[in-house]
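First comes the structure, then the notes that go with it.
In what follows, chains are A, B, ... by sequence order, proteins preceding strands, each numbered from 1.
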Amino acid sequence: MEICSVFGSGFHHTLTSPSPSAAASSSSAVPLSSTTIRAINNFDFTATVTSTTIAPLKLDETHKGPTKSSPNLRTVFRKTKQSAIFYIQESSDLESALSRSGGILRVQDLNVILRHFGKLNRWKELSQLFDWMQQNEKTNIASYSSYIKFVGKSLSPLKALDIYSSIRDEATRTNVSVCNSILSCMVRSGKFESSLKMFHQMKRDGLKPDIVTYSTLLVGCVKVKDGYSKALELVKELKYNGLSMDSVIYGTLLSVCASNNQCAEAERYFEEMKSEGHSPNVFHYSSLLNAYAVHGNYKKAENLIQDMRSAGLELNKVILTTLLKVYVRSDLFEKSRVLLNELENLGYAADEMPYCILMDGLVKSGQTLEAKSVFDDMMKKKVRTDGYSYSIMISAFCHVGLLQEAKQLISDYEANYQKYDVVILNSMLCAYCRAGEMDNVMKMMKKMDELAISPDWNTFHILIKYFCSEKLYILAYRTMEDMHKKGHQVEEELCCTLMFHLGKTGAYGEAFSVYNMLRYSKRTMNKSLHEKLLHILVRGRLLKEAYVIVKDNGGLISPSAIKKFATSFMQSGNINLVNDVIKTIHSFGFKINQELFHSAVSRYLEETQKKDLLLQLLQWMPGQGYFVDSSTRNLILKNAHLFGRQTIAELLSKQHIVSKTVKKPQQAQVVKKKREFR
DNA sequence: ATAGGGTTAG
């Protein structure tokens, strides 16, 4: 039978086109997709349907619809719909296929096609179909939840979010499937914080979360710091809502425990799960095993393997690879080698992963050359590599200063593989930086750029360190700025070094900017850093910036540094801030000495339009137990005509009273409470 | 009638 003739000429093109997604004619060697086979099997070629009624179909034929009195017609109708679905799925021109045959299909039929496109990663057609469905008002909740899922999976979680946000109907927007779908997209694209925020908003809008919602969100806890406590909150909430833990939730939770260093808790959940009648599967076991790997608890791991044997579970590749990780983390390298051998015999060591685990462990325990011999062994066996093993060894050689060896591996890699990613490029970059080969450093950066590989934290860190070592401080600064803008946390030690050198070379503003980046990134920073920067800023006469440091961290700065700052500020700081500075350092418990008052007064006398500020200062002083000494007093009196003699006389006499009443022992007490200038 | 899961390496 010639299939083409049954489906009409519209289909012929698809069947004979070389497109890999095209179905095949019976004589072609191209295999049929399972959907195609199903459609053909379900199609009754002997029915009273002729080729012309199948595709394209006329809308008016559908209005008659199937009737109870006519089972034959119903069958015909069902088959017609099936062939229309098939026709649309396999059409090379979706747009025209839809306009010709989409009309007879119900929403659920269109959803079938939507999922078909999604499963086969046919993203363009997926979107085209969904657009058509929207325009023809043929969408329901299932369309949205499927479409959002696939769009998120394809390329752009942001697009999925757009689609979700564009849903006008509140009932659809808070439907649990639709919510679960978009939350899953967000979680899988690493936007866990946003997904939690969305989740809360959804609940306020009327979402009734179910067990799927909670398991979706729990996945986000696996790769996030503080994930364990967030997971606990979610578990508490689901229980509060009357839902109960199922096997899936337990699996995710175990994985959260393993990745968050909660070995004891992982054990507890494992037991709890069993006591609730869920028998653990290979995933539950591997998560627990992974938790044991963190602390190298190989005894417990071996017991667990025994349990698996008793339960009749297969010790698969992942389980044995994870066991290898346990041995490596326990520094049991002999046991590790034996197990790796076993993996090889079982055919579980066809890719580089187990070798990488062993090499990484050896490198971390300082056995670089042993790691290299594992590497050589692996190469001899022609194990497939994606670059992981190379990057482990290149980085290891860099770390111990074996730069020739590192560079040799880079050449080997570049000669044999053309695949680059951020990690392999980082290790190459690191080698060239350590070797001080600027040309090659630039070459690597260019390559990164060309391949549109975005630098990560490590890349920036390597480059900044390198630029610092080459005394290219401004370049290092620009790179750090870039790093900060890209949202990476800057590292304190490196910031400290860079700040110091920027200060030394007169780039004071840049030093201040580095300090601010660090402050922005880190909640707690080394207490001595504020003072170090203060010295730099005072030296650079950036007194306004210096004042910011003092105001925010006065309590952490030594009296001598405060004195140095205040002295400079009185001399050349913004005159409008002089009183503020005095009050601020006083509020931190520093006693203002006479020299500072003297220079403040001198400043004011130089700029007579600021006389109000002088009067304010003189007024403030006695309340805090301060008074001017005789030389300052004489200076003021000499210029008293500028301020109004009467006012000056009154202010000074108030101070005089203070100076008399504050007797020696009392004064000593006041002073004692204050921090002394050294 | 749509939505969820967990394992290994740089």
Side-chain angles (χ1 to χ4, degrees), chain A residues 107-108 111-112 114-115 118 139-150 152 172 175-185 187-188 207 209-223 238 245-259 266 269-270 273 280-291 293 315-326 328-329 343 348-349 351-361 363-364 371 375 378 385-396 413 421-428 430 456 458:
Chain A
V107 177
Q108 49 266 54
N111 287 345
V112 169
L114 197 71
R115 291 195 296 274
T139 57
N140 62 14
I141 281 170
S143 327
Y144 276 99
S145 65
S146 295
Y147 186 57
I148 288 170
K149 172 175 108 173
F150 287 122
T172 307
N175 171 275
V176 68
S177 296
V178 174
C179 290
N180 289 346
S181 192
I182 185 64
L183 287 174
S184 169
C185 290
V187 166
R188 265 183 292 144
L207 163 70
D210 65 4
I211 195 73
V212 176
T213 320
Y214 287 105
S215 97
T216 303
L217 292 171
L218 272 178
V219 176
C221 300
V222 175
K223 276 171 186 139
L238 80 88
M245 308 275 288
D246 64 7
S247 177
V248 174
I249 290 271
Y250 272 116
T252 316
L253 201 50
L254 283 171
S255 152
V256 173
C257 291
S259 62
Y269 285 119
F270 194 76
M273 177 182 80
N281 62 25
V282 70
F283 293 104
H284 297 112
Y285 275 105
S286 80
S287 287
L288 187 54
L289 209 51
N290 206 23
L315 301 181
N316 66 12
K317 182 170 140 182
V318 176
I319 290 287
L320 291 177
T321 309
T322 312
L323 182 62
L324 178 68
K325 191 173 144 187
V326 177
V328 166
R329 293 288 174 90
L343 282 162
Y348 291 166
D351 68 49
E352 62 187 332
M353 199 191 297
Y355 300 93
C356 287
I357 291 173
L358 180 54
M359 277 158 45
D360 186 54
V363 165
K364 281 182 179 145
F375 179 88
M378 181 190 136
T385 165
D386 278 329
Y388 281 79
S389 44
Y390 277 93
S391 71
I392 291 171
M393 284 318 303
I394 293 168
S395 303
Y413 185 80
D421 65 11
V422 69
V423 180
I424 192 81
L425 280 169
N426 281 347
S427 61
M428 294 175 175
C430 184
D456 66 1
N458 221 350

Would you indicate what [X] reaches in the nucleic acid, counting non-hydrogen atoms under 4.0 angstrom: base, sugar-phosphate, or nothing?
X	result
K149(A)	sugar-phosphate
N316(A)	nothing
L254(A)	nothing
S247(A)	base
I148(A)	nothing
V423(A)	base
D246(A)	base

[N] phosphate, OP1 or OP2: any side-chain N/O from [X] under 4.0 angstrom?
X	N	result
N426(A)	dG10(B)	no
N290(A)	dT8(B)	yes
S255(A)	dT7(B)	yes
S181(A)	dG4(B)	no

What integer distance in Å separates [X]:[atom1] from [N]:[atom2]?
X	N	atom1	atom2	result
I394(A)	dG10(B)	CD1	P	15 Å
L218(A)	dG4(B)	CG	P	15 Å
Y214(A)	dA3(B)	OH	P	20 Å
K364(A)	dG10(B)	NZ	C1'	9 Å
D386(A)	dT8(B)	CG	P	17 Å
Y144(A)	dA3(B)	OH	P	16 Å
K325(A)	dA9(B)	NZ	P	4 Å
I424(A)	dA9(B)	CD1	C1'	13 Å

Do you know the tightest heavy-atom contact between L324(A) and P354(A)?
->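 For L324(A) versus P354(A), the nearest heavy atoms are CD2-O, 3.4 Å.
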Checking [X] side chain against [Y] main chain: does a donor-acceptor pair fall under 3.5 Å?
X	Y	result
S145(A)	S181(A)	no
T252(A)	V248(A)	yes
S391(A)	Y388(A)	yes

Nearest to the side chain of [X], which nucleotide is it out of [options]?
X	options	answer
N281(A)	dG6(B), dT8(B), dA3(B)	dG6(B)
M353(A)	dT8(B), dT7(B), dA3(B)	dT8(B)
T252(A)	dG6(B), dT7(B), dG4(B)	dG6(B)
T322(A)	dT8(B), dG6(B), dG4(B)	dT8(B)
N140(A)	dG5(B), dA1(B), dT2(B)	dA1(B)
V176(A)	dG6(B), dG4(B), dA3(B)	dA3(B)
R188(A)	dA9(B), dG5(B), dA1(B)	dG5(B)

Can you find a side-chain donor-acceptor pair between N175(A) and T172(A) that sits under 3.5 Å?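 No, no side-chain donor-acceptor pair sits under 3.5 Å.
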- Taking atom types as modelled, is there a side-chain donor on S177(A) or N180(A) under 3.5 Å from an acceptor on the other?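 N180(A) and S177(A) do not have a side-chain donor-acceptor pair below 3.5 Å.
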Distance criterion of 3.5 Å, no angle test: do you see the side chain of [X] paired donor-to-acceptor with the base of [N]?
X	N	result
T216(A)	dG4(B)	no
S391(A)	dG10(B)	yes
D421(A)	dG10(B)	yes

In the structure I gave you, are the side-chain heavy atoms of M273(A) and P280(A) within less than 4.5 Å of one another anywhere?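 Yes. Closest side-chain heavy atoms under 4.5 Å.
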